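Working notes, beginning with the structure itself.
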Protein chains: 2
Amino acid sequence: MRKMNHPAIDDIALSQVLHALSDPVRLDVVRTLARDGVASCSALDGGRPKSSMSHHFRVLRESGLVRTQTDGPAHMNELRREEMDRRFPGLLGAVLGAPAD
Amino acid sequence: MRKMNHPAIDDIALSQVLHALSDPVRLDVVRTLARDGVASCSALDGGRPKSSMSHHFRVLRESGLVRTQTDGPAHMNELRREEMDRRFPGLLGAVLGAPAD
DNA sequence: TTCAATGTTCGAATATTTTCGAACTATCGA
DNA sequence: TCGATAGTTCGAAAATATTCGAACATTGAA
């Protein structure tokens, strides 16, 4: 398995995070992860093709929002909640508390 | 002057707001409006062409972030801060408090 | 070591955004 | 009413994003 790109949290730009969150599919993934803590990619795909989801997970990883770790053949995802809260205080809280689209 | 589209705040979707804020030009406009209160389009253009800025202001208006009113030939813009705070509590505060890109 | 399960990567099609010149509209003052 | 100022709209080009099938890679288990 190729090494995944988990950028340092201080290298993340705000507009990058906002863009990652502005896609409904990804916003949904983030909401689910906030609720469930950890989930595999397939548990979060909502019936969408694997390649589409792989793209979305990459965007989420590159924006610093999600950390992915392998657990057997599965990739387990979780929010980088503490780090995001340190870099962008209140942002995730506001997004997760907002009314669903 | 054609009537501007200022949607009801409750019709705004979160992803719409996040998308509007995810563009660096628009994020800059929002930051400046938060600091200065009210400003004309030309005061916020940063040297960019009028037609480009007109596009960005339209996105900001349609996302509920900005209200535009005519004042003579000029269009004065301001954040819909209270309304946004009611619909998306903490969101603007977090965005405006975040480190500049 | 072969298989099934889980994701990634690649490439191409489609869709959406961004950018900006040119033409147009509105407002105010001379 | 003519001009100057301030923005909008239109249209087209360029840049980005999204989608997804097909092929490939990795893991653990039979």
Side-chain angles (χ1 to χ4, degrees), chain A residues 1-7 13-30 32-33 36 38-78 101, chain B residues 1-7 13-30 32-33 36 38-78 101:
Chain A
M1 151 118 313
R2 218 226 234 172
K3 208 60 199 216
M4 296 210 167
N5 182 27
H6 285 116
L14 175 61
S15 48
Q16 209 180 343
V17 178
L18 295 173
H19 170 257
L21 291 169
S22 72
D23 181 278
V25 174
R26 291 191 293 261
L27 186 53
D28 217 59
V29 166
V30 167
T32 303
L33 286 178
D36 297 354
V38 179
S40 67
C41 297
S42 54
L44 295 161
D45 67 12
R48 275 170 277 271
K50 294 188 296 179
S51 51
S52 299
M53 292 311 294
S54 196
H55 161 72
H56 288 304
F57 280 112
R58 189 217 292 250
V59 173
L60 287 170
R61 278 192 300 269
E62 292 180 346
S63 72
L65 281 162
V66 164
R67 173 175 29 251
T68 306
Q69 281 165 310
T70 69
D71 172 26
H75 289 192
M76 302 308 287
N77 305 281
E78 61 182 334
D101 280 9
Chain B
M1 150 117 313
R2 218 226 235 170
K3 207 64 199 212
M4 295 209 167
N5 181 29
H6 285 117
L14 175 61
S15 48
Q16 207 180 343
V17 178
L18 296 173
H19 170 257
L21 291 169
S22 73
D23 181 278
V25 173
R26 291 191 294 261
L27 186 53
D28 218 57
V29 166
V30 167
T32 303
L33 286 178
D36 297 355
V38 180
S40 67
C41 297
S42 54
L44 295 161
D45 67 11
R48 275 171 278 270
K50 293 189 296 180
S51 52
S52 299
M53 291 313 293
S54 196
H55 160 71
H56 288 303
F57 281 112
R58 187 216 293 249
V59 172
L60 287 170
R61 277 191 300 268
E62 292 180 345
S63 72
L65 281 161
V66 164
R67 172 173 32 249
T68 305
Q69 281 164 311
T70 69
D71 172 25
H75 289 192
M76 301 307 287
N77 305 281
E78 62 184 333
D101 279 7

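Each chain gets a letter, A, B and so on, in the order its sequence line appears, and its residues count up from 1. Values in this document were obtained by computation on a predicted structure and should not be read as measured data.
Taking 4.0 angstrom as the limit, A/His56 places none of its side-chain polar atoms (N or O) nearer than this to OP1 or OP2 of D/dA17. Phosphate proximity of C/dT18 to B/His55: present, with a side-chain N or O under 4.0 Å from OP1 or OP2. Taking only side-chain nitrogens and oxygens, B/Ser54 never comes nearer than 4.0 Å to OP1 or OP2 of D/dT9. At D/dT19, none of the side-chain N or O atoms of A/Arg58 fall inside 4.0 Å of OP1 or OP2 (strictly under the cut-off). Phosphate proximity of C/dG7 to A/Ser40: present, with a side-chain N or O under 4.0 Å from OP1 or OP2.
Under the 4.5 Å side-chain criterion, counting only non-hydrogen atoms from C-beta, A/Leu21 is not in contact with B/Leu14.
Listed for the B/Asp36 side chain is no donor-acceptor partner under 3.5 Å among the backbone atoms of B/Val38. Side chain of A/Asn77 to backbone of A/Ala39: a donor-acceptor contact under 3.5 angstrom is found. A donor-acceptor pair is defined here as one N or O able to donate and one able to accept, closer than 3.5 Å; no such pair exists between the side chain of B/Gln16 and the backbone of B/Gly64.
Positionally, the nearest nucleotide of DNA chain D for B/Met76 lies more toward the 5' end than for the other of B/Met76 and A/Asp71. Residues A/Val59 and A/Gly72 each lie close to DNA chain D; by heavy-atom proximity, the contact nearer the 5' end of the strand is made by A/Val59.
Here the P atom of nucleotide C/dT8 and the CD atom of A/Glu62 are 12 Å apart, to the nearest Å. Here the P atom of nucleotide D/dG21 and the CE atom of A/Met53 are 14 Å apart, to the nearest Å. Nucleotide C/dA5 holds its P atom 16 Å from the NE2 atom of A/His75, rounded to whole Å. Atom-to-atom, CD of A/Gln69 to C1' of C/dG7 comes out at 16 Å; the value is rounded to the nearest Å.
A heavy atom closer than 4.0 Å to some atom of DNA chain D occurs in A/His19, A/Asp23, A/Arg26, these being the qualifying members of residues 13-30 of chain A. Applying a 4.0 Å cut-off to non-hydrogen atoms, the residues of residues 42-52 of chain B that approach DNA chain C are B/Pro49, B/Ser51, B/Ser52, listed by residue number.
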Pair A/Val59-A/Arg26, side chain to side chain contact (heavy atoms under 4.5 Å, CB included): steps then yes or no: CA-CA 9 Å; A/Val59 173; A/Arg26 291 191 293 261; 3.7 Å; yes
A/Cys41 and A/Met53: CA distance, side-chain angles, deciding distance, side chain to side chain contact (heavy atoms under 4.5 Å, CB included) verdict: CA-CA 7 Å; A/Cys41 297; A/Met53 292 311 294; 5.8 Å; no
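B/Leu44 CG to B/His75 NE2: the interatomic distance, rounded to the nearest 0.5 Å, is 13.5 Å. Here NE2 of B/His19 is found 11.0 Å from CG of A/Leu18. Values are rounded to the nearest 0.5 Å.
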